[in-house]
Structures are given as structure tokens and as C-alpha cells.
Trainee: 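The structure under discussion is supplied below as C-alpha cells; questions concerning it will follow.
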Amino acid sequence: MKKELATKYDPSSFEDRLYAMWSENGYFTPLRDDTKTPFTMVIPPPNITGQLHMGHALDNTLQDILARYKRMCGYPTLWLPGTDHASIATEAKIVEAMRKEGVTKEDLGREKFLERAWAWKEQYGGRIIEQLKKMGSSCDWTRTRFTLDEGCSDAVKEVFVRLYEKGLIYRGERIINWCPHCKTSISNAEVDHENQKGHFWHIRYPLVGGGGYVEVATTRPETLLGDTAVAVNPNDERYKDMIGKYVVLPLVGRRIPIVADEHAQLDKGTGCVKITPAHDPNDFEVGKRCSLPMEVVLTEDAKITDSYPKYAGMDRYEARKAIVEDLRAGGYLAEIEDLEHEVGTCYRCGTTIEPMLSLQWFVKMEELAKPAVKAVRDGDIRFVPERFDKNYFHWMENTQDWCISRQLWWGHRIPAFYCDDCGELVVTKESEAYCPKCGKKMRQDEDTLDTWFSSALWPFSTLGWPNETEDYKYFFPTNTLVTGYDIITFWVSRMIFSSLEYTGVSPFNTVLIHGLVRDAQGRKMSKSLGNGIDPLEIISTYGADALRFTLATGNSPGNDMRFSAERVEASRNFANKIWNAARFTLMNLTDDTDFYSLDVASLRPEDKWVLSLFNKTVKETRENLDKFEIGIALGGIYDFLWDILCDWYIELIKPRLFDKEGATNKAAQQTLNYVLSGTLKLLHPFMPFITEEIWQALPHVGDSIMVSDYPEYNEDFNFPADEKYMSGVIDAIKAVRNRRAEMNVPPSRKAHIFIKTPDRSAFEGSEIFFEKLASAAGVSYLEGEEPENAVSIVSGDSVLYLPVNEMVDTEAERARLNKELENAEKMIASANSKLNNADFVSRAPEKVVNIEKDKLEKFTALKASILAELERLN
RNA sequence: GGGGGCUUAGCUCAGUUGGUUAGAGCACCUGCCUUACAAGCAGGGGGUCACAGGUUCGAGUCCUGUAGCCCCCACCA
């Protein structure tokens, strides 16, 4: 019934075995049970290109803690895993691999390229899944999904068609962010802003017909080629007469008008702005308002187009140099200012974004954003910690239309078809279409959708939507979403408005936000810095439990954390501590003991004391987990296990355990097994492997700790009197140890303890604890004279005398007692000042007042003892 | 420009709705190989909780301001 544990804690010897056992027994797969409320989470799908990094490790540790906790609480728990096709990242990776072979996308053609991409997915896509398993993640792998699988693709098409029909998806020419390296449009959310050093070039545009020039300024002089106007503010007195006149565009020679538009600000620069409608979002708006031509001057790889032969084929930066040089030569350059400004860059490759006029697909955001804001405002969805809702609101309330088309092949192809003959457009879920007007076979849009378009549907597309599957009906909406704050705008916000629009409900009720895992110096872990720590290496050195403990402990929602080997070592030491406590327990459990009942009547005070503290720990753990205070919950278990169970309880009961014939031996065994098993259960969500391995070795009922019941607060296991008694005994033992250590008395030198106390029952029954834990040769109660050459130890209302053979330094004793007296008086004064304050007594809660009363009582008694002691020394 | 966060022991950080003498890990000092654990045990030193005000019976915790560091968002030529 009980088993041996290896002498040494070696997580690698059992972690994989236990994971396989859980998996084979189907514990990760929930059963739908209409009599029970399910608990559902969807994993933030890692990119198939990805390798497990610390961010995943943290994210998945938190999710697994919640999943295992809820499962043990009896909820049919579905943690649904999967991966993201990550269109832009994956395509870039494959293109890069092809480049090494000297092959381009175009060489292969779409079909062959996609074959290659799928092959790549088959080969590497599962890698990260295997790595998640190493972490102990209790995902239901039978329900693993992929954003590009059939079901998800169906959901994507369904959504696209519905939104199009509703007028919420449209195709139009807008200024989009163009990445010249990835050669695709990207959304605003995918643009990073980076501070760059640049220049502000002031350029003179001569007025047509002479009479001077207007001066404009720009950070991108090459866009001059695309200028189709100069704008001034309609209220600008300086230029009133110029409106409607023309200037000559330098180098190009084109006549362009001076227009009036609010965009030009009176107090900014010269008040004149060059307008490049095809390469600047503001200018685009001006262009629309003033009906200006839109002149595209850059190709898709950011080279000047053939329309400008002198610069054609030059890269945008080469062209910038050449144009500035030519402006200088032509006398158009007025001034060059140094300037630091924010430049948009591609979040994938870091290339500077080129705003460009382009025909793309967009999602109209205004109408979708409103209910999404409301859901959070009304509390249907709650961010933990709450402060992130500000982030969310700000983004949701200011978001612009979402550019969803990408000039990529790896992804969901846009379900739109064009008729080359009559220009008809059809949007349909079908894989081909014929023109409703002329019957001709239509050509499908070449572009694919933004990766985030499919991730936005993840909580319901993975459960079968748009079909009303059993899973969808039972598990949706999900409960908790766990993710980093860096992904709220990309993903969380889009899931919320998507779900509200298509399913009519919020996709989850809680968003648990965590921070970034940084290195020991607080820097972001990144490939370029090379400061990343590989979770798999940590696992192989210290074990998955140690890694998980490190990530969970002291972690508070939304805050970044630093990761260092020292912290993992401390975690491993904790695991080792548990391991040894368990080994000790197993050595002392005997087969003839009944471990399945606990007879309270047979328990000694220390048993009841530990049960009572365990019970408190259970309550606090559950409360904290329910509040998502995972770090605090774990801290409580850690303290109980190490400080209470190991450092005190086990030491207290050693004499009873070693005396197999003793009357209270069985009760000690039972209590120890009960409390240790219970603590392992409390700890299981955090450290699943070690808790399972030990639980299996201990006497137990059931097949696995992971499907056992999470401990519940037990009203019958509250023993306040025993708590008070034991804390008095422990205080006294600590006081004795303290004094002995101060005097450098080695533990081997035992000394008798004489106790002078108004209430012997405060210590009776605990004499053996003083012998074992305070190096006492024996304990007796003092009636008359204090012993000669004894140091005194004041603890509560009692004084303990320790006869040491040396002459006691009376002066030193007096000084020490005076110091203690001072402290006691300070405490008494503090308590008195509160208790004498009528406002305090009347306004503070009774509990707080009682604490002060107890404090006063305790230190008054202590003071009396100290004074008596001082008296004796005189 | 807007928003948010951080500042607590030598270091890294907890501190849950304001309420016992502000905690932990690591590091440091002292003593222990006490037959579960030296990855350990016992004891110890070390903090005017960034600064200045305010609210409150009571502030590390709430409010205002100041300083330093960090992050997010934003189309300003």
C-alpha cells in the first residue's frame, strides 16, 4: 500500500513517466456532464514557427495551475490547445529557407509553395506542442486545433461572408502600412514605433509666374515626387492670397495647386505643408477633401517607380540622397534641421514602414467596437488586474479600420472572387464562383487574411462554431483567458468584438494578464541579445516543477518578473525539501495503521495544532486561487509545508513516531499522512509531478492525485485552544534556543530547564519538546528559590531558568533584561495609545481592537516577568 | 502629446479590501554532519517602505504634488 521513494530527488526519473500515465488514462480529456458546470480555457496558440520560450512557460504554467485546480474542484475542465499558422512569420521563415537554395516564391508558384509550407508545418509544427507537454500542461490534446485547419478555415470564411454582407468588411483604396521587406500590407497594430535620428529638410517651391516661393518642410524628401499640392490653413492671413495659385514642384516641374485645408497648422513651421496623398495618411485625407490626384511613387520594394526616370529603381534612401543633392544644386534647399522622430517599423522584421496608397480589404471597426467596450464596462468581462481595462478602452475607442488583407500565400485566402470581364465581385464560402452577370468563371483574390483574423475566432472556432456542436454548446463561452499584456490589442480585443458579433456573447469572463519574463538584469529576453534562457534546459537540469514554481511564486498579475538560475535553485531546493519530508514520512508509516480515518479524540495538541493550521492554509489557498492571486496562494503553501510541517510538526512528533509501541504513535502517523497528503493536493496544480510521485507512494485512495478532490475547509478541524497552547510552547522553545545561541552553548551541552509560571498547564505535556528541541536535560516547575548561576528567559507570563555552570554575568543579564523591558514598554505604550483613543475603540473593527487588547495583555504579563527578574538580580 | 507602471533589507522581489512588532529567497555573520533533507538545521545582523504634503482612530497600502527609471498608445508636416 505504501511504496519507497528514491533516496535522491531526481525529477527526470519520473516526470515523463507520470505525464504519459496521465495522458494514457485520459485525465486531460473532460467528459461533458450536463449536471456539472464546465471550466474552459483556450490556449493562446503558439506560432508553429516557435520554440518554447520563457513567455510560453509562464503563460502555460499559470493556465495549468488554473486548469488543474478547477479539475480537482470537480469542474469538467477543458483546456483546449492548438497552434497558430502565423502567416507572416512562417512565410518569412520558409522564404528564407528557400533563398538559401536559390529558390523564390515566384519560381515555385502558389501551389508548390503551399505544399512546401504544409510540409514544413508537419515537420516543425508539432515541436512546440511536445515542449508544452514537458511543462506538465494538462491540455486536452485530443482536441488540438490549428488556425488553418478545416474547421477554423470554415469559421474564417463564415465570418468574412457575414461581415461583408453586413457591410462591415469592405475593399477600398486607403493608406496602409507597407513593409517593403515582407512585401505586404500590415495593420496599424503590427507597426512598432521607434525613435530615429533624422533630418527636417526645408524646401522652397517656386510660385508659378514668379514672385517668390513657399517653403515647406519634410522628413521624407523623396516623397516630393508624389506631391500633388501644397496646403495652407484657410485662416492663415499670410497665405490668403495664394490659395488657388500654383507652385512648380522642384525637380519634377509639375504644376501643383496651393489648397486651403485645416490640416495645415498656423503655428507649425512655415504654415505650408507639402501634400503627398499616396504616401501619407494625413495627406491622403487632404487629397480626398480637395480632390487631388494620388501619385504613387514607390514600388512594393520601396524603389522609385519608372514614372521618374532620373530616380527610377533607386531605393527610397538612395533616392532621398539624390533628391536632396539635386534640391541643393537647384537652390531649392533652404535649411536642414537635425531631428529625432518616431518612425514606424514592421513588428516582424523591423523594416521601416512605408505608408502607401493601396487597394486592400478592411474591417469597419466603429460598429464592432461599441459592444466590445460595453462588455468590459458592464463587467461581463473582467481584466485581472483591473488596470488593463484602461489600455483596452483606449485602444477600442480610438481604433481605426482594420486592414486585413496580406500579400502573402500562407494563410486563409480571401473568399472574394472577381470577374475579369465585367468586374463583378462575389464574396462566398464556396471554393469557386461563376459570375452572376456573365457566367464566366471568376478569379479568386490572391491575398490572404491577417493571421489575427483567425486568432480572433479562436475561442469558438475551435469548439465547432459556426456549427452548434455538442462541444460548442457545452464548453462555450469559455471562462478564463490567460495571456501577456503585450497581446491585448492584437488578440484579446479582437476576440471580444468578434465573439460578441458572431456568437452574441463574450468569449470569456476573465482575462488574466501576466507580464514579461525578463533576464536577471531586467532586460527583455530576445534572440538578438542572446539572453534568452531555454525553459527546456531548465527542465532538464532542475525539473519542470522547479521551473513552474519559479514562475508562479511571488508572481503578481500583470507584473514583469526577472528570471535567474538562483531563483530556480531555490525552487528546486523546495522540491527537495518536500521529497525528503515524504521520505521521512514513508519511513515512519507502519502497515498496521489505518490511514483512512482520523479519530480526533486520540489526537494530541500538536496534531490538532497542525490540522488547524493546515485547515487555514486550505481556506487561504482556495480564496487566493479564486482571486487569481497565484503567487500568494503558492507562498502560503510553501510557508505551511516548510515552516509548519517540516520545521515544527515533524520535529515535534519524532519521539512518538520512533516509539512504535507508544500509545499515540498511530495518531501521529495518521495526522502526518493526512496533512502531508493534503498539502500535496494543495500543491499539485503548481507542482504536478513531484506531488503525484509522492502521493502515489503514500497510502491513498484513487488512481491519481490529479483527479482527486482539492482539499476543502473543514469546520471540524478548527482547534483554537490547541493553536494557542502550541504557540506558547513554540515561543518558549524559540526563546530558549535564542538565549543558548547568544551564549554560544553548543547543542550537545544539555541544561535543565526550570519553569516559573502562573499556569503549569501552558507547558504540561510538552516537556519532551524542550528536551528534544531546546536541548533541555529535563524540565521541572519552580516553586521556591531560583537556581544558582542560571540565566533567565522571559516568555509571556513565564520565566524559564537555565542553569549554566559558568558564573552568570549579572550586569550583562540586567542590560539584556532592560532592553527587553524597553521593547515591552514600547509595545504596551503603542497598544495603550490606541485603546485609550475613544475614536479607535469605537471606529476600528472589533477584531482589530481585540488584537490590541491581546497585545496589551501579553506585553503587560511579559513586563511583569521582566521586572520580577530584574528585582531578583538586585 | 495621451495613458499606465515601478521606486520596500546588500541583491531580486512579495505585501490581496488601509489594521498585530513590514516579510521571503539569495547574499552575509555565528553555531551545528541532531539517523528526512548540508539542496539541510538552529540563531543573528540589516529597512526613516523614493521625497513633500493631505485624508483617516490608524497609511508601505488611499489622495495630491515632486524626482528618477520603465512600458504602452498616438497620422502631426
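Values reported hereafter were calculated over all heavy atoms of this structure, with side chains retained and with hydrogens, waters and symmetry mates removed. Labels below follow one simple rule: chain letters A, B, ... track the order of the sequence lines, proteins then strands, and each chain is numbered from 1. Here the structure is a predicted model, which is why all the values come from computation and not from measurement.
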Trainee: Are T860(A) and K858(A) linked by a side-chain donor-acceptor pair shorter than 3.5 Å?
Mentor: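 Their side chains do not contain a donor-acceptor pair, so the 3.5 Å distance test is not met.
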Trainee: With sequence neighbours left out, write down each residue that passes side chain to side chain donor-acceptor pair (under 3.5 Å) with R220(A), or none if nothing qualifies.
Mentor: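 Expected list: E354(A).
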Trainee: Classify the side chain of E566(A) versus the base of A27(B) as yes if they form a donor-acceptor pair under 3.5 Å and no if they do not.
Mentor: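 Result: no qualifying N/O pair found.
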Trainee: Any ion pair linking E822(A) and K819(A) (charged N to carboxylate O, less than 4.0 Å)?
Mentor: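 No salt bridge links K819(A) with E822(A).
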Trainee: Looking only at side-chain N and O atoms, does D560(A) offer a donor or acceptor that is under 3.5 Å from a partner on Y485(A)?
Mentor: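 Looking only at side-chain atoms, D560(A) and Y485(A) do form a donor-acceptor pair, the distance falling under 3.5 Å.
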Trainee: Does a donor on one side chain sit under 3.5 Å from an acceptor on the other, for K734(A) and S795(A)?
Mentor: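 No, no side-chain donor-acceptor pair sits under 3.5 Å.
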Trainee: Mind calculating the distance between CD1 (I653(A)) and P (A36(B)) to the nearest angstrom?
Mentor: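 Result: 12 Å.
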Trainee: With distance as the sole criterion, is a donor-acceptor pair present between the side chains of H199(A) and E337(A) under 3.5 Å?
Mentor: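 No - no donor-acceptor pair under 3.5 Å links their side chains.
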Trainee: Ignoring hydrogens and angles, tell me if any N or O in the side chain of S571(A) forms a donor-acceptor pair with the backbone of R567(A) under 3.5 Å.
Mentor: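 Yes; at least one donor-acceptor contact below 3.5 Å.
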Trainee: Taking the inter-plane angle between the rings of W642(A) and Y638(A) on a 0 to 90° scale, is it parallel (under 30°), tilted (30 to 60°) or perpendicular (over 60°)?
Mentor: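 Tilted.
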Trainee: Using atom CG of D280(A) as one end and atom P of C76(B) as the other, report the distance to the nearest whole Å.
Mentor: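 Answer to the nearest Å: 10 Å.
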Trainee: List the residues meeting side chain to side chain donor-acceptor pair (under 3.5 Å) with E820(A), not counting sequence neighbours, and say none if there are none.
Mentor: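 E820(A) satisfies side chain to side chain donor-acceptor pair (under 3.5 Å) with R816(A) only.
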Trainee: Scan Q265(A) against the nucleic acid and name what it touches under 4.0 Å (heavy atoms): base, sugar-phosphate only, or nothing.
Mentor: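 Answer is base: heavy atoms of Q265(A) come under 4.0 Å of a base.
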Trainee: Would you classify Y392(A) as touching base, sugar-phosphate or nothing, given that sugar-phosphate means primed atoms plus P, OP1 and OP2, and contacts are heavy atoms under 4.0 Å?
Mentor: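 Here Y392(A) touches no strand at all.
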Trainee: With sugar-phosphate meaning primed atoms plus P, OP1 and OP2, does A264(A) contact a base, only sugar-phosphate, or nothing at under 4.0 Å between heavy atoms?
Mentor: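 Base contact - A264(A) has a heavy atom under 4.0 Å of at least one base atom.
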Trainee: For a quick check of understanding: with a heavy-atom distance under 4.0 Å over all strands, which category does A581(A) fall into, base, sugar-phosphate or nothing?
Mentor: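 Base: the residue A581(A), judged by heavy atoms under 4.0 Å, touches a nucleobase.
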Trainee: Think K616(A) forms a cation-pi with F640(A), using NZ or CZ under 6.0 Å from the six-ring centre and within 45 degrees of its axis?
Mentor: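 Judged by the rule, K616(A) and F640(A) form no cation-pi pair.
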Trainee: Within the side chain of N555(A), is there an N or O that forms a donor-acceptor pair under 3.5 Å with the backbone of L551(A)?
Mentor: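 Yes, the answer is positive, given that a donor and an acceptor are paired below the 3.5 Å cut-off.
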Trainee: Sticking with atom C1', work out how far G54(B) lies from G46(B), rounded to a whole angstrom.
Mentor: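 Rounded to whole Å, the distance is 32 Å.
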Trainee: For E651(A), report the nucleic acid contact type (base, sugar-phosphate, nothing); a contact means any heavy atom under 4.0 Å.
Mentor: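 Base contact.
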Trainee: Quick check on contacts: within residues 483-491 of chain A, what sits under 4.0 Å from RNA chain B by heavy-atom distance?
Mentor: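 Hits under 4.0 Å, by residue number: none.
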Trainee: Using a cut-off of 4.0 Å between protein heavy atoms and nucleotide atoms, how would you tag nucleotides 39-47 of chain B 5' to 3' with B, S and -?
Mentor: BSSSSS---
Trainee: If you measure from CG on D401(A) to CE on M365(A), what distance do you get to the nearest 0.5 Å?
Mentor: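 One gets 8.0 Å once the value is rounded to the nearest 0.5 Å.
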Trainee: Looking at every strand, decide which applies to K750(A) at a 4.0 Å heavy-atom threshold: base, sugar-phosphate, or nothing.
Mentor: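 Touches nothing.
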Trainee: Would you kindly compare K834(A) and N282(A) by the position of their nearest RNA chain B nucleotide and give the one closer to the 5′ end?
Mentor: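 Nearer the 5' end of the strand: K834(A).
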Trainee: Identify whether the distance between the nearest side-chain nitrogen and carboxylate oxygen of K863(A) and E825(A) falls below 4.0 Å.
Mentor: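 Yes, charged N to carboxylate O under 4.0 Å.
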Trainee: Can you name the residues that form a side chain to side chain donor-acceptor pair (under 3.5 Å) with D10(A), not counting sequence neighbours?
Mentor: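 Side chain to side chain donor-acceptor pair (under 3.5 Å) list for D10(A), sorted by chain: S12(A).
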Trainee: Which of residues 393-402 of chain A have a heavy atom under 4.0 Å from RNA chain B?
Mentor: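 Contacts with RNA chain B under 4.0 Å: H394(A), Q400(A).
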Trainee: Could you name each residue pair satisfying side-chain hydrogen bond (donor to acceptor under 3.5 Å, both in side chains) that touches residues 618-637 of chain A, not counting sequence neighbours?
Mentor: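 Matches after skipping sequence neighbours: Y69(A)-D626(A).
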Trainee: What is the per-nucleotide protein-contact pattern of nucleotides 59-65 of chain B, from the 5' end, where B denotes a base atom under 4.0 Å from a protein heavy atom, S denotes such proximity for sugar-phosphate atoms only, and - denotes neither?
Mentor: -------
Trainee: Pick base, sugar-phosphate or nothing for P845(A), based on heavy-atom distances below 4.0 Å to the nucleic acid.
Mentor: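 Counting heavy atoms under 4.0 Å across all strands, the contact made by P845(A) includes a base.
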Trainee: Would you classify A844(A) as touching base, sugar-phosphate or nothing, given that sugar-phosphate means primed atoms plus P, OP1 and OP2, and contacts are heavy atoms under 4.0 Å?
Mentor: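 Counting heavy atoms under 4.0 Å across all strands, the contact made by A844(A) includes a base.
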Trainee: What residues, two or more places apart in sequence or in another chain, satisfy side chain to side chain donor-acceptor pair (under 3.5 Å) together with N233(A)?
Mentor: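 Per chain and number, N233(A) pairs via side chain to side chain donor-acceptor pair (under 3.5 Å) with no residue.
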Trainee: Counting primed atoms plus P, OP1 and OP2 as sugar-phosphate and everything else as base, spell out the protein contacts along nucleotides 4-16 of chain B at 4.0 Å heavy-atom distance: B, S or - for each nucleotide, 5' to 3'.
Mentor: SS------SSSSB
Trainee: Could you list the residues that satisfy salt bridge (Lys or Arg N to Asp or Glu O under 4.0 Å) with R562(A), not counting sequence neighbours?
Mentor: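 Applying salt bridge (Lys or Arg N to Asp or Glu O under 4.0 Å) to R562(A) gives none.
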Trainee: For nucleotides U7(B) and U61(B), find the distance between their P atoms and express it as a whole number of Å.
Mentor: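 My reading of the P atoms in U7(B) and U61(B) gives 11 Å.
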Trainee: Would you indicate what I650(A) reaches in the nucleic acid, counting non-hydrogen atoms under 4.0 angstrom: base, sugar-phosphate, or nothing?
Mentor: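 Touches a base.
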Trainee: Using side chain to side chain contact (heavy atoms under 4.5 Å, CB included), reason through K577(A) and D647(A) one step at a time and then give a plain yes or no.
Mentor: CA-CA 11 Å; K577(A) 185 74 186 177; D647(A) 289 348; 4.2 Å; yes
Trainee: Can you tell me if S775(A) uses its side chain to pair, donor with acceptor, with the backbone of K750(A) under 3.5 Å?
Mentor: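 Here the side-chain-to-backbone pair does not exist.
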Trainee: Which helical stems does RNA chain B take part in, if a stem means at least 3 consecutive Watson-Crick or G-U pairs with both distances below 3.5 Å?
Mentor: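 Counting only runs of 3 or more consecutive pairs, the stems involving RNA chain B are B:1-7 with B:67-73, B:10-13 with B:23-26, B:28-32 with B:40-44, B:50-54 with B:62-66.
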Trainee: Assess the side chains of D192(A) and T345(A): does a donor N or O sit below 3.5 Å from an acceptor N or O?
Mentor: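 No, no side-chain donor-acceptor contact under 3.5 Å.
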Trainee: Using atom C1' in both nucleotides, what's the gap between U64(B) and A59(B) to the nearest angstrom?
Mentor: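 One C1' to the other, the span is 15 Å.
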Trainee: Determine the contact category for S830(A): base if any of its heavy atoms lies under 4.0 Å from a base atom, sugar-phosphate if only primed atoms, P, OP1 or OP2 are that close, otherwise nothing.
Mentor: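 Since only primed, P, OP1 and OP2 atoms lie under 4.0 Å of S830(A), the category is sugar-phosphate.
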